[in-house]
Amino acid sequence: RKSTRLNSSHLVISYAVFFFFFFNDTATTEIYTLSLHDALPIYSGLGPTQYLGRIRMRAVSRPVDYLKGAFDQYPLQESFWIIFLNRRNHAMGRQLLTLGTLTGTLVHPRDVLRAAILSGAAALLAGHNHPSGDPSPSGADIALTRQLKEACAIMDIPLIDHVVVGERDGDPLGKGYFSFREAGLL
């Protein structure tokens, strides 16, 4: 006889499935039980989570260091990444969430939070690149950061920072990145 006990991975997946259906305005009367192994490819975003080890985030420049290598594969396309943090702000991993075009990428807070919940993150860092080299945030970047901050607050998964990465030569301030937290916008 097969055991009907639920373990923590079933709880995470059940919560994620509820979260997915709730925010996608669909209803179902069927209940699916998925293993964690089966569900992650469905809900995990564009790329696999890259585990970073137990590294403490102490300064704003640290998230930039983790994100710069992330943009090497697609330097002429905007890509949006998330760094998952545990309760002590140690980086658990990073994930490519969306890959866009030369001038933009489409991101929605529900996709960010779905990935955060499935990873077990206690906090998040978000980042994307500007292939033009100028890391100054656009109006869409500012609006997305506000939406992310509000959605993360509701789910009790704080958004620690959103960093826009460019190049030092293309930055009017000469830093090569823009941090919403450093600028007081987060």
TODO: Among Ile117, Val107, Leu159, Leu144, find the residue that satisfies the side chain to side chain contact (heavy atoms under 4.5 Å, CB included) test when tested with Val112.
DONE: Val107
TODO: Mark yes when over 12 heavy atoms from residues, nucleotides or ligands other than Leu106 sit less than 6.0 Å from its CG; otherwise mark no.
DONE: no
Task: Check ion pair Arg168-Asp171 (N to O, under 4.0 angstrom) - done: no
Open item on the list: What's the separation between atom CG in Asn89 and atom CG in Leu125, rounded to the nearest 0.5 Å?
Closed with: 7.5 Å
Task: Any donor-acceptor pair under 3.5 Å from Asn129 side chain to Val165 backbone - done: no
Task: Reported CD1-to-CG distance for the pair Ile83 and Leu124, which is rounded to 0.5 angstrom - done: 10.0 Å
TODO: Give, for atom CZ of Phe84 and atom CD1 of Ile157, the distance between the pair rounded to the nearest 0.5 Å.
DONE: 10.0 Å
Open item on the list: Using 0.5 Å steps for rounding, measure from the CD1 atom of Ile82 to the OG1 atom of Thr98.
Closed with: 8.5 Å
Open item on the list: Has Arg87 got a side-chain atom pairing as donor or acceptor with Ala122's backbone, closer than 3.5 angstrom?
Closed with: no
Task: Ion pair check, Lys175 and Glu167, cut-off under 4.0 Å - done: no
Task: Heavy-atom closest pair, residues Pro131 and Leu76 - done: CG-C, 4.0 Å
TODO: Please step through side-chain contact (heavy atoms from CB on, under 4.5 Å) for the pair Leu185 and Phe178, ending with a clear verdict.
DONE: CA-CA 11 Å; Leu185 298 174; Phe178 178 88; 4.0 Å; yes
TODO: Measure the spacing between OG of Ser132 and CD of Glu78 and express it to the nearest 0.5 Å.
DONE: 8.0 Å
TODO: Take Tyr74 and Leu99 through the test side-chain contact (heavy atoms from CB on, under 4.5 Å) and record every step on the way to the result.
DONE: CA-CA 8 Å; Tyr74 303 104; Leu99 182 63; 3.8 Å; yes
TODO: Give the minimum heavy-atom separation between Leu96 and Ser79, together with the two atoms involved.
DONE: CD1-CB, 3.6 Å
Open item on the list: Please report the interatomic distance CE(Met155) to CD(Glu150), rounded to the nearest 0.5 Å.
Closed with: 15.0 Å
Task: Smallest separation among heavy atoms of Gly176 and Pro135, with atom names - done: C-CG, 3.9 Å
- [ ] Determine the minimum heavy-atom distance between Phe180 and Asp161, stating which atoms define it.
- [x] N-OD1, 3.3 Å
Open item on the list: Donor-acceptor pair, distance only, cut-off 3.5 Å: does the side chain of Gln77 make one with the backbone of Gly100?
Closed with: yes
TODO: List the atom of Phe71, the atom of His128, and the distance in Å for their closest heavy-atom pair.
DONE: CZ-C, 3.7 Å
- [ ] Answer yes or no: is there a donor N or O on one side and an acceptor on the other, between the side chain of His108 and the main chain of Arg110, under 3.5 Å?
- [x] yes
Open item on the list: Centroid separation under 6.0 Å, is that true for the rings of Phe80 and His162?
Closed with: yes
Task: Distance-minimising heavy-atom pair for Pro109 and Ala151 - done: CB-CB, 3.9 Å
Task: Worked check of side-chain contact (heavy atoms from CB on, under 4.5 Å) between Met92 and Leu85 - done: CA-CA 5 Å; Met92 298 187 311; Leu85 305 175; over 6 Å; no
Open item on the list: Side chains of Asp141 and His130, heavy atoms from C-beta outward: is any pair under 4.5 Å?
Closed with: yes
Task: Check: Ser136/Asp134 side-chain N/O donor and acceptor closer than 3.5 Å - done: yes
